[in-house]
Novice: 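Here you go, one structure.
Convention: sequence-line order gives letters A, B, ...; per-chain numbering from 1.
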Number of protein chains: 2
Amino acid sequence: MTRQQFRRPPTAQEAVLAELRRAIITGELRPGEQVLQDALAERFGVSRVPLREALKILEGEGQVIYRPHRGYFVAELDIDDLREVYRIRDLLETEAVRRAVPQITGDELAVMAAALEEVEHASASGDLATMTEANRRFHFELVEAARMPRLSRLVRVLWDATDVYRSLYYSDGDHRDAVHDEHRAVLEAVRGGDAEAAAVLLRTHRERAVSALERVLPTP
Amino acid sequence: MTRQQFRRPPTAQEAVLAELRRAIITGELRPGEQVLQDALAERFGVSRVPLREALKILEGEGQVIYRPHRGYFVAELDIDDLREVYRIRDLLETEAVRRAVPQITGDELAVMAAALEEVEHASASGDLATMTEANRRFHFELVEAARMPRLSRLVRVLWDATDVYRSLYYSDGDHRDAVHDEHRAVLEAVRGGDAEAAAVLLRTHRERAVSALERVLPTP
DNA sequence: TAGGTGGAGATTGTATCCAATGTTCGGAAT
DNA sequence: ATTCCGAACATTGGATACAATCTCCACCTA
């Protein structure tokens with residue numbers, strides 16, 4: 001019998017890491033802003049040690065920039081950076097889709113369909129947080145079906161790099177409808193086993209995101 | 001006038017990070033081995049605090065695995081992992097070469113040529129460390145000529161992931177000669193502005209590396 | 001003997017304290 | 001006015017001490 005995986009209370013650094021991610025995505029910590037360690041540690045109710053270890057993880061992901069003796073600063077994205085992120089995602093996700101489609105399971109398809117439902121429902125009721133989360137689940141279920149753990153991780157990091165700005169263009173109603181249509185088309189292509197179609201649809205989907213994000217990015 | 005960038009004495013975590021990288025690449029810390037923090041901190045002459053922060057960076061790069069309350073373990077590479085690393089490098093480096101070749105500068109070509117010389121010289125005199133370093137310089141000069149900083153960083157991390165095993169197949173004389181020929185061919189293609197040829201040559205070059213590494217990997 | 005149990009020791013996780021460095025700002029010299 | 005110093009302050013870097021957790025093995029039990 002498979003051994004039950006027991007829950008473990010999260011360590012302080014794990015809790016702080018999750019909080020930091022959330023704070024960065026929601027814009028509570030704004031791009032360019034310095035992360036004042038004393039203040040944040042107190043706010044999270046921990047000492048600076050676990051906070052600093054969490055920041056080191058985020059540094060590795062490019063979410064914060066570290067300057068020795070100066071501190072950590074929330075990363076800012078300029079337009080070149082944005083385009084590079086999406087160019088790399090093109091390369092990685094196209095590969096992921098090609099591998100994923102032929103071997104995707106019924107369970108995974110079901111998760112994707114459910115996530116899609118939830119995106120549309122949350123979109124209708126204006127729940128941006130849920131929408132963002134379900135949207136993420138939809139896309140990552142597909143990427144992870146490729147069974148390339150390193151690639152999945154890289155895509156996740158790149159995804160997170162633009163999460164600060166993502167909610168901004170989701171608020172636009174026209175885009176939302178287009179996004180839903182694209183999602184459904186992707187799901188159909190994946191169901192039908194047409195990897196190339198899915199890859200192309202996803203590239204178009206990303207291109208829409210890039211041009212929307214470009215308009216929304218802080219002026220350089 | 002451009003402002004002089006003053007040297008700063010490295011912080012303990014920076015020094016420890018460099019030492020850890022070296023220790024992992026040389027095999028001083030062996031794959032699978034636990035990193036005992038007290039012992040290593042004492043050896044480096046620092047407390048556990050900067051050591052742990054350095055380990056967090058390496059965790060993000062996949063060089064060590066972190067298990068809460070258990071510790072850090074030097075990452076092991078199995079054959080699937082190796083193939084995934086090289087598959088991702090194919091995608092990223094092919095893109096890099098396509099972008100780099102049309103815009104590479106004379107200075108960068110000179111650096112590549114010099115690095116290539118040094119590889120061959122070090123190879124002849126059996127200086128594996130220098131050879132590995134110069135080989136790395138050769139390849140990265142090209143990747144960085146693409147001016148895609150994120151992509152460069154990803155390639156570096158993937159490169160490092162297999163560095164533990166790299167020296168093993170360099171010791172083989174036949175491979176060395178083939179490697180030198182391939183290097184020269186790549187340099188010529190880049191000089192001639194033929195990005196596609198360079199991309200193909202580099203893919204072949206990597207394929208040789210993969211099959212050599214597969215033979216040298218610890219049995220799973 | 002097989003399996004469970006409970007500590008003792010080893011190791012990691014975090015808080016606190018102090019040192020090192022960077023920043024800011026007032027004032028003096030030119 | 002401008003620039004150059006320097007001291008006070010803010011912030012980060014690191015060492016130490018202790019708490020929490022895990023590992024391992026002797027011992028007990030069925």
Novice: Which residues satisfy the salt bridge (charged side-chain N to carboxylate O under 4.0 Å, His left out) test with B/D38, sequence neighbours excluded?
Specialist: none
Novice: Of all residues at least two apart in sequence or in a different chain, which pass the ring-ring contact (aromatic ring centres under 6.0 Å, His included) check with A/F44?
Specialist: none
Novice: Listed by chain and number, what are the salt bridge (charged side-chain N to carboxylate O under 4.0 Å, His left out) partners of A/E108, not counting sequence neighbours?
Specialist: A/R147
Novice: A/R136: which residues meet the salt bridge (charged side-chain N to carboxylate O under 4.0 Å, His left out) condition with it, sequence neighbours left out?
Specialist: A/D160, A/D163
Novice: Report the residues that fulfil side-chain hydrogen bond (donor to acceptor under 3.5 Å, both in side chains) with A/E59, sequence neighbours left out, ordered by chain and then residue number.
Specialist: A/K56
Novice: Can you pull every protein N or O that's under 3.5 Å from an N or O on nucleotides 12-15 of chain D?
Specialist:
from	atom 1	to	atom 2	distance (Å)
D/dT12	OP1	A/Q34	NE2	3.1
D/dT12	OP1	A/V35	O	3.3
D/dT12	OP2	A/Q37	N	3.3
D/dG13	OP1	A/Y66	OH	2.4
D/dG13	OP1	A/H69	N	3.1
D/dG13	OP2	A/R52	NH1	2.7
D/dG13	OP2	A/R52	NH2	3.2
D/dG13	N7	A/R48	NH2	3.0
D/dG13	O6	A/R48	NH1	3.4
D/dG14	OP1	B/A12	N	2.4
D/dG14	OP2	B/Q13	NE2	3.2
D/dA15	OP2	B/S47	N	2.7
D/dA15	OP2	B/S47	OG	2.7

